[in-house]
Amino acid sequence: MIEQVHAWVRAAKRVVVLTGAGMSAESGVPTFRDAQTGLWAKFDPQQLATESAFRANPAMVWDWYAFRREMIAKVEPNEGHRALAAFAARHPHRLTLITQNVDGLHQRAGSEGVLALHGNIFDDQWLDTPKACCLSAPVAPGNPPHCAQCGNKRRPAVVWFGEVLPLDTLDAAETAACECDLMLVVGTSGVVYPAAGLARMATGKVVIINPEATELDDAAAAVLRGKAAQLLPQLLKD
Ligand code: BV8
């Protein structure tokens, strides 16, 4: 089946790749499902990654993001990330890369124009609409950093559950899905929407790359039970 999918890649004019946490697993970033190791084991990530959790316990949620930032800063993109960046460089305008990941590893591997649906964990933004005081004075340090005048807090610039995605990014992703000849769905359980919905609106053949079953297998023309950093270099070689 790998040869068949490789032939589809070579024949496709417009390839879309949708990635999830499994794309970064071989870099050493735990997936969402098995992210809760050690200190965070007792927390459901979908409970932590919400505005209400942050407002209820800002220090705990901020520290969880600081923990993840530290972990991600220590790892490197893997062969899968690099194969995607190299393919795009060799074949301009043939690949649209859409990711649910906030780790920035695609971008660090050299991929440009990545449609990061859920934001970037290394960016911050104000929790509430900033007032003059927030913008005029240096941000006061702390977990989280905040405005010394009004206490407005800084929060990670990621999309939390219950929050809308950046519309221009989602629009571009939906357009690419509706115009693709082939969509590779890599390392995602296909549980979180609207990201998973992109695989269901794909006009081209959908290929799942995942060592385990996913919620999207029924939408696939082919399922490759394997790992991203091992399979992508084979599928994307000229
Ligand atoms: C919203 C950023 C509009 C934060 C994230 C429709 C149906 C049902 C529910 C909903 C729906 N529409 C909306 C919802 C609600 C919700 C949702 O989808 N809930 C789910 C859980 C049921 N969606 C939202 O809230 C979205 N917003 O809809 O807004 C709105 C607004 C107001 C009111 C109404 C509507 C926002 C969703 C985004 C949330 N933010 N991340 C942060 O990171 O801290 S989501 C986060 O979790 C990730 O970004 C990712 O998207 C998701 C984790 O999923 P995966 O990436 O797939 O990872 P997972 O661990 O699950 O699986 C890993 C896979 O990799 C596994 O399959 C494994 O086998 C595989 N794997 C492992 N190793 C490898 C591998 N594969 C390949 N190679 C390997 N080596």
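Atoms within each ligand, like the ligands themselves, are counted from 1 in listed order. Not measured: the values here are computed from a predicted model. Both backbone and side-chain heavy atoms feed into the values below; hydrogens, waters and symmetry mates do not.
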Classify the contact between Ala25 and ligand 1 as side chain, backbone, both or neither, using a heavy-atom distance cut-off of under 4.0 Å.
-> side chain
For Glu212, take its heavy atoms, then give the atoms of ligand 1 lying under 4.0 Å from any of them.
-> 69 (O)
Can you tell me if Ser24 uses its side chain to pair, donor with acceptor, with the backbone of Ser27 under 3.5 Å?
-> no
Between Gly190, Ser189, Pro194, which one has a non-hydrogen atom sitting closest to atom 61 (O) of ligand 1?
-> Ser189
State plainly whether the residues Asp63 and Arg69 are in salt-bridge range, i.e. N to O under 4.0 Å.
-> no
Within-shell test, Gly162 vs ligand 1, heavy atom, strictly < 4.0 Å | yes
Going by heavy-atom distance to atom 42 (C) of ligand 1, choose the closest among Met23, Arg68, His118.
-> Arg68
Distance-only, no hydrogens or angles: does the Arg82 side chain make a donor-acceptor pair with backbone N or O of Pro77 under 3.5 Å?
-> yes
Could you pull out, from Tyr193, Trp160, Tyr65, Phe161, the option with a heavy atom nearest to atom 26 (C) of ligand 1?
-> Tyr193
Going by heavy-atom distance to atom 1 (C) of ligand 1, choose the closest among Glu26, Glu163, Glu215.
-> Glu163
For ligand 1, is any non-hydrogen atom under 4.0 Å from Val192's backbone (N, CA, C, O), its side chain (CB onward), both, or neither?
-> both
Would you please say whether a donor-acceptor pair under 3.5 Å links the side chains of Thr19 and His106?
-> yes
Where the side chain of Gln4 meets the backbone of Met1, is there a donor-acceptor pair that is under 3.5 Å apart?
-> no
Any N/O pair Trp64/ligand 1 closer than 3.5 Å = no
Quick one: side chains of residues 192-205, donor-acceptor pairs under 3.5 Å with protein atoms, not counting sequence neighbours, listed by atom name and distance.
unit_1, atom_1, unit_2, atom_2, d
Arg200, NH1, Asp218, OD2, 3.0
Arg200, NH2, Glu215, O, 2.8
Arg200, NH2, Asp218, OD1, 2.9
Thr203, OG1, Ala177, O, 3.4
Thr203, OG1, Cys178, O, 3.4
Thr203, OG1, Cys180, N, 3.2
Thr203, OG1, Cys180, O, 2.8

Could you tell me which atoms of ligand 1, counted from 1 in the order shown, lie closer than 4.0 angstrom to a heavy atom of Val102?
-> 2 (C), 43 (O)
Are the side chain of Asn101 and the backbone N or O of Ala21 linked by a donor-acceptor pair below 3.5 Å?
-> yes
Considering the heavy atoms of Gly20, write down every atom of ligand 1 situated less than 4.0 Å from one of them.
-> 56 (O)
Less than 6.0 Å separating the ring centroids of Phe54 and Trp62?
-> no
Can you list the atoms of ligand 1 that are under 4.0 Å from a heavy atom of Gly187?
-> 63 (C), 64 (C), 65 (O), 76 (N), 77 (C)
If you count the atoms of ligand 1 from 1 in the order shown, which ones are under 4.0 Å from a heavy atom of Gln100?
-> 48 (C), 49 (O), 50 (C), 51 (O)
side-chain contact (heavy atoms from CB on, under 4.5 Å) between Leu182 and Val16, worked out | CA-CA 6 Å; Leu182 180 68; Val16 168; over 6 Å; no
